Amino acid sequence: MLLTSKKWKTAVSFDKEYTDALISELLRLRQIDTPEKEAEFLLDDGGMWNDPFLFNDMRKAVDIVCETLDKNGKILVYGDYDCDGVTATSIMVRYFRSHEAKVDYIVPHRAEHGYGLTENILDKVLEHAPDLLITVDCGITNIDAVKCVKEHGIKVIVSDHHNVKEELPDADALICSKINDNTYPYKELCGAGVALKIVEAMGRDGRYKVSGSIWRQSLELAGIATIADLVPVTGENRTIIKKAFKSMANPINPGVRIMNEIILDHGKKLDETFISFNFVPRINAAGRLYDSSDALKLFLSDDEKAVKKAAEALGKQNDERKLIESEVFTQAVKQIESPDRPEEWLITNTVGPIVAYGSKWHQGVLGIVAGKLAAYYRRPAIVFTDDSIDSGNVKGSGRAYGEFDLFEAIEHISDKCVGFGGHKKAAGLVVEKARLKEFMKALEDNAKEALSEDKDSKDEDEDFIEIDADIPFEQVTFATYEKTNVLKPFGIGNKKPVFSTRNLIVTDAVAMSDGAHIRLELCDGREEHRNGFLSAVGFNMGQYLDVIKPGDRVDIAYTMNEFTYRGNVTLSLCLEDIKPIVDSGFMWQKNDIAEELYRSGMPLSQIEKLAKRTSAEAFIPSKTQYAQCYKVLSSKCGNTVSTMDTVLAAKMIWQVSGVEITPFQVSRCLDVFSEAGIMKRGKSDSDKVCFSFIKNDGKVSLTSSETYMRLNADE
């Protein structure tokens, strides 16, 4: 079980309703601090838009394409199986089809061919015998494959957005902003964004123009991919998304239009949240489980029946993906929290990315499971399974958490990998199965070294939540939500604003999805707001049902959202964190101080002077408290490695058993249990404990433990 609060970093607090000042503050926090920047940021169509010919090789690429079209040559577009690759492929193919070019495409099968232009699929590429091969969303690291293609007399344009390595492929043109000497000013386009710029360059060149229909379709697909691919929603990416949404108000791509008609509920708005959580998973599902043929049909076909059939097939594949993903995620959590996991790999003893491995896990869900693990444990995660192409290897997919640079972390130990690629937020890699432990050790050692080198930045080891503003109850309104939407689209680099509101009363706490999630109904208790209530949902926070009950007071951190039901739109809060308020004095409010003093060796008789309570009341657990601490925690945590804040653990024991216990007493109970051999303790600090229970059939004596004797000797 994971039951921990985050550290809150609050940028600004408002004690009254000042919405205009709030918006100004939100802009300032995003470095939008001049009238000129604000005007550009708030433009309906976005601001930044760069000349595509600023790419070093763009003129060369356009000339090669035009020459091929002039000669009626054959063009092969080679993409990737995820949403970014599929949309990038579709952008290029639709453009060439609009000029009746001889164009075909290949998107590899994840399990059969792997990612990128690899030797596993070269025969298929060469069978097409193209005059020109254009890669999209891949190719920048495929040195040998590009060389092989060129040796067959085929010209190659590589367009990609992933991080580059020292050696670059010897293509006829390289379109990638991550190349060190590249002159393109914006580095964060996704693969479809790069494809969009190639189409734009063709239009600007003028020899093979871009029709209004093709341009709008290219924008729509590039906007979807930009949201999907974990790239920053800043600068030109922000502009692409804004232009895409403007076009998608009345979509011109049949697949986009029909998919929206099928899955966009009546009354709900088309925004980045819908695209991210509803549209994109359906596109990715095809490449995760099978091949990407249905996703490509969705975007490339103009036949309404075929498009609708593809959309429905993608929906079914996504449902299947959810089941597989859920099973793998459950198994991964069980593995990570198992007390039988080798000591050095216990989550309580590591600081680097979490690593999980299952020999028969589906390759197609590794990335999404890694993302869920990263969100759940609030740490980077990498998930491995056996490589379907080479049985001597394992294939992994990783997702970052916070500002951790996952690509850089893997790059530092690249000698332990067969291959790797990606960017800051997401990475794919292959490791020899026999060297997986070696890779894990190097990854952990590198993380520890980085942490020790940055001793001045203690915050890096803490789980912080950045709160844009603390606002009063009366400002938590649908009107405030609507005003903050001027900052949309949200995403990496322009996160949805996180707010906090304090000292609220819980009027109801309801379990959702069999206890996986929680819904709180809240008010502030003041007479002037007697008719005001807030509804807040905490996803994957169901464990708080044992900590919070109606009548409790809480501080909450949250984002604002809208909830649509039967055409009615209301404000809904999505919880980021909950802090119960316990008005029981020093031992709850200053537990970390008491803990530090105790660990320093100070006698309880001196600490109790600060607490203004006797040792028996605040420090020394009673027999009943020992019994209830063991009973509640063992029943809730079972035989798993659990991490808890002592304040939340104490509140849970108090609520479940009815026996009041302080956080300090919980820590002492766990010390005694550990010394008595019925619990294993992991690393802990002044307000957090990690532990797992050990099965013991015999009667255990607690009174002989060192902690028990110290507590009672001090008494």
Side-chain angles (χ1 to χ4, degrees), residues 74-86 88-89 92-93 104-130 132-160 162-165 167-171 191 284 286-296 359-367 383-398 410 414 416-422 426-436:
K74 294 172 66 176
I75 299 173
L76 180 64
V77 179
Y78 186 94
D80 184 27
Y81 39 68
D82 70 356
C83 182
D84 191 19
V86 166
T89 302
M92 298 303 300
V93 171
D104 206 346
Y105 60 86
I106 294 176
V107 170
H109 189 289
R110 183 188 295 261
E112 293 177 15
H113 308 121
Y115 166 76
L117 183 65
T118 66
E119 61 181 17
N120 301 313
I121 202 170
L122 275 180
D123 288 346
K124 192 173 180 181
V125 171
L126 297 175
E127 280 175 14
H128 280 75
L132 172 62
L133 172 69
I134 303 177
T135 73
V136 291
D137 191 35
C138 63
I140 200 65
T141 61
N142 300 128
I143 314 297
D144 294 337
V146 170
K147 181 180 179 182
C148 178
V149 172
K150 288 198 66 181
E151 286 173 349
H152 284 75
I154 300 167
K155 289 193 174 181
V156 180
I157 297 172
V158 169
S159 76
D160 203 348
H162 292 97
N163 287 355
V164 301
K165 299 177 182 178
E167 186 179 1
L168 296 172
D170 186 24
N284 278 332
R288 290 188 187 283
L289 302 189
Y290 305 105
D291 58 35
S292 299
S293 58
D294 285 316
L296 287 156
S359 62
K360 296 181 179 179
W361 289 346
H362 198 296
Q363 284 186 193
V365 301
L366 298 184
V383 182
F384 286 98
T385 193
D386 288 352
D387 191 338
S388 58
I389 298 171
D390 187 337
S391 60
N393 294 333
V394 292
K395 177 172 280 189
S397 187
I410 296 172
S414 58
K416 311 295 185 210
C417 302
V418 175
F420 73 100
L429 63 161
V430 176
V431 177
E432 287 182 33
K433 189 185 294 187
R435 299 185 69 190
L436 182 56

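Treat the numbers as computed from the prediction; the structure is a model and nothing was measured.
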Contact between [X] and [Y] at the side-chain level, heavy atoms closer than 4.5 Å - yes or no?
X      : Y      : result
Val418 : Glu432 : yes
Lys395 : Trp361 : no
His162 : Asp137 : yes
Val383 : Val365 : no
Gln363 : Asp387 : yes

What distance do [X] atom [atom1] and [Y] atom [atom2] have between them, rounded to the nearest 0.5 Å?
X      : Y      : atom1 : atom2 : value
Asn142 : Ile121 : CG    : CD1   : 11.0 Å
Leu132 : Ile157 : CG    : CD1   : 4.5 Å
Leu117 : Ile143 : CG    : CD1   : 11.0 Å
Leu76  : Met92  : CG    : CE    : 11.5 Å

note = The single option from Asp291, Val93, Thr89 that satisfies side-chain contact (heavy atoms from CB on, under 4.5 Å) with Leu296 is Thr89

ask   = Within 45° of the axis and under 6.0 Å from the centre of the six-membered ring of Phe384, does NZ or CZ of Lys433 qualify?
value = no

Looking only at heavy atoms, what is the nearest atom pair of [X] and [Y], with distance?
X      : Y      : result
Thr141 : Asn163 : CG2-O, 4.2 Å
Val156 : Ala171 : O-CB, 3.6 Å
Asp84  : Gly191 : OD2-N, 2.8 Å
Arg288 : His362 : O-CE1, 3.0 Å
Thr135 : Ser159 : O-OG, 2.6 Å
Ser397 : Leu429 : N-CD2, 4.3 Å

Whether [X] side chain and [Y] backbone form a donor-acceptor pair below 3.5 Å:
X      : Y      : answer
Asn284 : Cys83  : yes
Ser292 : Ala295 : no
Asp80  : Cys138 : no

message = Let's go through Ile75 and Ile134 carefully: what are the C-alpha distance in whole Å and the side-chain angles of both, what is the deciding distance for side-chain contact (heavy atoms from CB on, under 4.5 Å) to 0.1 Å, and is it a yes or a no?
response = CA-CA 8 Å; Ile75 299 173; Ile134 303 177; 4.1 Å; yes

Derivation of the side-chain contact (heavy atoms from CB on, under 4.5 Å) call for Lys165 and Phe420 = CA-CA 10 Å; Lys165 299 177 182 178; Phe420 73 100; 3.8 Å; yes

request  = Answer yes or no: does atom CG of Asp144 have more than 12 heavy-atom neighbours from other residues, nucleotides or ligands under 6.0 Å?
outcome  =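 No - once you tally the heavy atoms of other residues, nucleotides and ligands closer than 6.0 Å, there are 12 at most.
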
